[in-house]
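All remarks here apply to the structure that follows.
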Amino acid sequence: MLTTTNQYISRGWGSGLLGVIIFSASLPATRVAVMGFSPLFLTSARAVIAALLAVGFLALLKAPLPNRKDLSSLAIVAFGVVVGFPLLTALALQHITAAHSIVFIGLLPLATALFGVMRGGEAPGRLFWLFSGAGSFAVVAFALSQSADASLRGDLLMLGAIILCGLGYAEGAVLSRHLGGWQVISWALLLSLPVMAVLALITFPDSLAGIDTAAWLGLGYVSVFSMLVGFIFWYRGLALGGIAGVGQLQLLQPFFGLILAGLLLNEPIALSMIAATVFVVACVAGAKRFT
């Protein structure tokens, strides 16, 4: 029985890691997309595109309807990760750089763990909080050392985004225990579709002629991968491996983003980044041990 439990936990961490890798390109893609689209249109369009794909999944796999008691939780998920986080980050990235936003992504594991305690009934030990806090501090310190860009409005928007995202992650993970990861994000997207479709029509650009390819690619990535595919792996990981524990994998997200920038954009990878990554990996391992 213990072996089976450990296998589920290991699968959860593996699935969660895939989700984090997919999410790692979300903020850079959003930053590129807001160069061509307004934040309101970007938020609504990505939700509509992902919802249409989700409808196909639900119909093709003949997923059963969620229970009425699940609707309020699905509404929280939709408010947190379909509307709140995408909109607030898109607004914030008009005032700060994607690199500066890493400061706040470093706080997301703590937010997820706190909501996991409040909404998921989890009770990590003291050493878990020690490793989680140390990892978050390391990410924030590294990000601040790499970026001098600051904007009070952008910072407050990012802080709000992190709070809503942590809530949406924890609530979705609880639902995933009986609905399944892909069903949770699919139903949350479908629930938000009527409002987001109207918003997309209202904020539709007057002309598409001046929108470059990079902005379209950014919209495509955040719609398909950030808004749907990533959540399928992420919610499954949180449900199997534990919200607080698997949530610490988000500490690696900024470093995956920098690695992608180095590989795809030929940006330099500093020795300080490697050192910080090693420290954060140790913190994630410690948090996993004492979850």
Side-chain angles (χ1 to χ4, degrees), residues 5 8-9 11-13 15-16 18-20 22-23 43-44 46-88 108-109 111-124 160-199 223-247 250:
T5 301
Y8 276 117
I9 293 174
R11 290 174 185 172
W13 280 75
S15 184
L18 285 174
V20 166
I22 292 170
F23 290 150
T43 301
S44 55
R46 67 187 280 179
V48 169
I49 293 169
L52 293 176
L53 293 173
V55 168
F57 281 133
L58 292 169
L60 182 64
L61 300 175
K62 299 180 180 179
L65 292 172
N67 297 323
R68 283 189 177 182
K69 64 180 182 179
D70 293 330
L71 292 179
S72 59
S73 292
L74 285 170
I76 292 174
V77 173
F79 180 68
V81 303
V82 177
V83 181
F85 182 77
L87 177 59
L88 293 182
L108 189 51
T112 303
L114 287 170
F115 282 115
V117 171
M118 291 186 285
R119 304 294 298 180
E122 297 189 352
I162 293 304
I163 293 171
L164 290 179
C165 191
L167 173 61
Y169 280 173
E171 196 71 28
V174 174
L175 280 174
S176 295
R177 293 170 183 169
H178 65 274
L179 278 183
W182 72 269
Q183 292 97 322
V184 168
I185 189 59
S186 294
W187 287 117
L189 285 165
L190 188 58
L191 190 64
S192 65
L193 180 58
V195 174
M196 301 308 272
V198 171
L199 184 60
S223 300
V224 178
F225 293 98
S226 303
M227 198 76 266
L228 182 61
V229 177
F231 276 104
I232 294 173
F233 292 107
W234 183 239
Y235 278 145
R236 181 176 183 271
L238 292 174
L240 292 177
I243 300 169
V246 173
Q250 295 167 104

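In this text the structure is predicted, and so the values were computed from the model without any measurement. Position 1 is the first residue of the sequence, and the numbers go up from there.
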Heavy atoms only: give me the nearest [X]-[Y] pair and the separation to one decimal.
X: Gly116; Y: Ala170; result: N-CB, 3.8 Å
X: Gly160; Y: Leu88; result: C-CD1, 3.6 Å
X: Ala173; Y: Leu238; result: CB-CB, 3.4 Å
X: Ser44; Y: Met196; result: CB-O, 3.3 Å

- Message: Donor-acceptor check, side chain of Thr43 to backbone of Val83, threshold 3.5 angstrom: yes or no?
- Response: no
Contacts table for residues 56-80: side-chain donor-acceptor under 3.5 angstrom, sequence neighbours left out:
unit_1	atom_1	unit_2	atom_2	d
Asp70	OD1	His178	NE2	3.2
Asp70	OD2	His178	NE2	3.2
Ser73	OG	Glu171	OE2	2.8

- Message: As an exercise, state the distance from CZ of Phe23 to CZ of Phe233, rounded to the nearest 0.5 Å.
- Response: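 These two atoms lie 10.5 Å from each other.
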Does the side chain of [Y] come within less than 4.5 Å of [X]'s, by heavy atoms?
X: Leu108; Y: Cys165; result: yes
X: Ile243; Y: Val174; result: yes
X: Leu167; Y: Ile163; result: no

- Task: Determine which pairs satisfy side-chain hydrogen bond (donor to acceptor under 3.5 Å, both in side chains) with at least one residue from residues 227-243, sequence neighbours left out, and list them in order.
- Result: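 Every candidate side-chain hydrogen bond (donor to acceptor under 3.5 Å, both in side chains) pair involving residues 227-243 fails, so no pair, neighbours aside, qualifies.
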For residues 179-195, run the donor-acceptor check on the side chains, cut-off 3.5 Å, and write out each pair with its distance to 0.1 Å, sequence neighbours left out.
unit_1	atom_1	unit_2	atom_2	d
Gln183	NE2	Leu179	O	3.0
Ser186	OG	Trp182	O	2.6
Ser192	OG	Ala188	O	3.4
Ser192	OG	Leu189	O	2.9

